[in-house]
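Please read all numbers here as calculations on a predicted model, not as lab measurements.
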Amino acid sequence: MMINKNFLKIGSIFGLLAVALGAFGAHALEPHLIATGDLDTYEKAVSYQFYHSLALILVAMLCEVLKNKWVKYSGIAFIIGVVFFSGSLYLICFTGITTFGAVAPVGGTAFIAGWLFLFLASLRS
């Protein structure tokens with residue numbers, strides 16, 4: 001199935017970026033993030049991105065096992081969550097524009113939906 005490979009590819013790229021951004025934050029950006037008070041925000045963005053990178057890789061594998069629409073919806077929701085939640089937090093840290101924080105709940109809701117969809121997938125298998 002093509003969607004499995006897409007979830008695997010996206011999860012892998014998200015994981016790669018989470019590690020790279022985490023290292024960049026710890027070494028190059030840390031003085032700036034400490035000075036602006038954004039270190040916790042940055043770390044939260046990296047952590048949630050990494051957790052959901054792994055979740056996407058799990059979803060890629062579960063697509064073959066569970067074979068229902070809910071597991072696919074879960075993967076889509078995790079992608080939306082990373083883009084909106086982690087993305088908005090990164091934007092806050094890089095630009096200082098705190099209004100991007102208004103987008104974070106959309107991503108958080110997508111994360112919750114992704115886990116709910118994964119639960120529904122388990123019930124439908």
Nearest heavy-atom contact between Pro31 and Ala28 is CD-O, 4.0 Å
If two hydrophobic side chains count as joined below 4.5 Å and joins carry through other members, does Leu33 share a cluster with Leu91? no
Are Val106 and Trp115 linked, directly or through intermediate hydrophobic residues, by side-chain heavy-atom contacts shorter than 4.5 Å (ILVMFWY only)? yes
Determine whether Phe85 and Leu118 fall in the same hydrophobic cluster, where Ile, Leu, Val, Met, Phe, Trp and Tyr are linked whenever their side-chain heavy atoms lie under 4.5 Å apart. yes
Give me the atom names and distance for the closest heavy-atom approach of Ser74 to Val59. OG-CG2, 3.8 Å
Rounded to the nearest 0.5 Å, how far does NZ of Lys5 lie from CD1 of Ile10? 14.0 Å
Using a 6.0 Å cut-off, check whether atom CZ of Phe111 has over 12 heavy atoms from anything other than its own residue. yes
For the rings on Phe14 and His52, is their centre-to-centre separation under 6.0 Å? no
Using the rule that two of Ile, Leu, Val, Met, Phe, Trp, Tyr join whenever any of their side-chain heavy atoms come within less than 4.5 Å, decide whether Phe100 and Val46 are in one cluster. no
Test log, rule side-chain contact (heavy atoms from CB on, under 4.5 Å), inputs Tyr42 and Phe94: CA-CA 9 Å; Tyr42 192 82; Phe94 292 137; 3.9 Å; yes
For Phe7, is there any backbone N or O sitting under 3.5 Å from a side-chain donor or acceptor partner on Asn4? no
I want to check something: taking the side chain as every heavy atom from C-beta on, are Val82 and Ser53 in contact at a cut-off of under 4.5 Å? no
Leu56 versus Gly75, closest heavy-atom pair with distance: CD2-O, 3.4 Å
Take Ile57 and Leu8, measure what side-chain contact (heavy atoms from CB on, under 4.5 Å) needs, and give me the verdict at the end. CA-CA 5 Å; Ile57 292 168; Leu8 180 59; 4.0 Å; yes
Mind listing the closest non-hydrogen atom pair of Ala45 and Leu89 along with its distance? CB-CB, 3.6 Å
Run the numbers on Arg124 and Leu66 for side-chain contact (heavy atoms from CB on, under 4.5 Å), then give the verdict. CA-CA 8 Å; Arg124 305 282 191 249; Leu66 300 180; over 6 Å; no
Can you tell me how far the OH atom of Tyr73 sits from the CG atom of Asn68, to the nearest 0.5 Å? 9.5 Å
Determine whether a donor-acceptor pair (N or O, by modelled atom type, separation under 3.5 Å) exists between the side chain of Ser86 and the backbone of Val83. no
Common cluster, Tyr48/Phe78, ILVMFWY with side-chain heavy-atom separation under 4.5 Å: yes
Checking Tyr90 now: which residues fulfil side-chain hydrogen bond (donor to acceptor under 3.5 Å, both in side chains) with it, not counting sequence neighbours? Gln49
Could you work out, with side chain to side chain contact (heavy atoms under 4.5 Å, CB included) as the rule, every residue matching Leu120, not counting sequence neighbours? Trp70, Leu116, Phe117, Leu123
